[in-house]
Amino acid sequence: MLERLFSLGYSRTFAERYYELWGERALRIAEAMERPLPRCFRVNTLRITLQELTKLLNRKGFQFKRVPWAREGFCLTREPFSITSTPEYLSGLLYIQEASSMYPPVALEPKPGEVIADMAAAPGGKTSYLAQLMENKGLIYAFDVGEERLKETRLNLSRLGVINTVLIHGSALHIDELGVEFDGILLDAPCTGSGTIHKNPERKANRTMEDVKFCQGLQMKLLEKGLEVLKKGGTLVYSTCSLEPEENEFVIQWVLDNFDVELLPLRYGEPALRKPFGVELSEEIEKARRFYPDKHGTSGFFVAKLRKL
Ligand code: SAM
């Protein structure tokens, strides 16, 4: 079994870790990540209704099935030609988005008129979904440190007709300097990306435990800042596309142990790991959720929803 993971290109460290976490399933997860993900898209209801767009695409021969956790999300089952060359795509009636990525904005449940922060926004996939759920009303402060990625974000938001978002080129570690209290916060954290091997196969071999530790440190600092500027009673959704418990369950357990917060239940995905590497975590950690390539046909993904008490 470990031999198979090595032959797929995984380093010894990560192959052994995955075997310890998931046993034989580790191979099924790894094999699923060798296959390309289905192409999924989100209907941009700022510009068109679900019914109208699905009709237009069906007429051109596209077929798709619903994403269970996102009302506006669909995955293509028949793509007669690239959907990105359609006028529908080019005029911003839809956004190409991986299915698991659609869940954090849905889980945050932002309302029109609220003040929301997106602490790591580029290229804007989740920001634009937040804007859509808010009907372009209220305000989103969207941070990112990547200059090129922010240019792409600006183009995406403008193509999609998002007008309630302020883009900030800077670290969300300085979010407190805005002097704003937020109704809701999305932290789609920078991470090692080990759940996205489909797109980045080199990560099987070149990631190290130092990378995991580095990301964990940044994730904890960002969470601490986010909780500082969140209103009491406000909600923070934390997500990563990492498989590593150090970037997921351990970070959330640290928050539960050190801040006045509670985890809120989420309906989709599998319960988070209760005892990763033999470390027993709080029972409520299972309210956080994982999406798996072998079961959900998505990237490896983690989502937790916190309320500040
Ligand atoms: N939420 C985005 C989306 O759905 O399109 C994807 C975000 S990606 C997982 C993480 C982002 O965090 C990267 O774009 C990276 O540039 C950004 N980042 C890294 N450190 C940051 C920091 N200190 N403050 C804000 N953004 C940061």
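Just follow the structure's listing: the first ligand is 1, and inside any ligand the first atom is 1. The structure displayed is predicted, hence computed values, not measured ones.
- Using the six-membered ring where Trp is involved, Y18 and W22 have ring planes that are tilted, between 30° and 60° apart.
- Under the 4.5 Å side-chain heavy-atom criterion for grouping Ile, Leu, Val, Met, Phe, Trp and Tyr, Y129 is not connected to L94 through any hydrophobic cluster.
- For ligand 1, the polar-atom distance check against L218 finds no nitrogen or oxygen pair separated by under 3.5 Å.
- Scanning the protein heavy atoms around atom 24 (N) of ligand 1, the nearest turns out to be A172 N, 2.9 Å.
- With hydrogens and angles left out, the side-chain atoms of E284 and S282 include no donor and acceptor closer than 3.5 Å.
- Protein heavy atom nearest atom 23 (N) of ligand 1, with residue, atom name and distance: S171 OG, 3.0 Å.
- Protein heavy atom in closest approach to atom 6 (C) of ligand 1: A122 O, 3.0 Å.
- The protein heavy-atom contact nearest to atom 12 (O) of ligand 1 is A120 CB, 3.3 Å.
- Salt bridge status for E262 with K287: absent, with no side-chain N to carboxylate O gap under 4.0 Å.
- Neither the backbone nor the side chain of S101 has a heavy atom within less than 4.0 Å of ligand 1.
- A heavy-atom distance below 4.5 Å is not found between the side chains of V106 and Y268.
- In this structure, F301 has its ring center at least 6.0 angstrom away from the ring center of Y103.
- Each of N44, V43, T45 was evaluated against L53; a single residue qualifies, V43, per the side-chain contact (heavy atoms from CB on, under 4.5 Å) test.
- Stacking of R159 on the aromatic ring of Y89 is recorded, both the 6.0 Å distance cut-off and the 45° axial limit being met.
- For atom 4 (O) of ligand 1, the nearest protein heavy atom (residue, atom name, distance) is K126 NZ, 2.9 Å.
- Inclusion of D188 in the set of residues having an N or O under 3.5 Å from an N or O of ligand 1 is warranted.
- When non-hydrogen atoms are compared, ligand 1 lies under 4.0 Å from the side chain of R149 (C-beta onward) but not from its backbone.
- Looking at V145, I168, L130 and measuring to atom 22 (C) of ligand 1, the nearest heavy atom belongs to V145.
- For ligand 1, the atoms lying closer than 4.0 Å to a non-hydrogen atom of G125 are 3 (C), 4 (O), 5 (O).
- Cluster membership for L157 and F41, using ILVMFWY side-chain heavy atoms within less than 4.5 angstrom, is not shared.
- Remark: ligand 1 atoms within the under-4.0 Å shell around heavy atoms of G124 are 5 (O).
- The protein non-hydrogen atom at the shortest distance from atom 16 (O) of ligand 1 is D144 OD1, 2.6 Å.
- For atom 25 (C) of ligand 1, the closest non-hydrogen atom on the protein side is M119 O, 3.1 Å.
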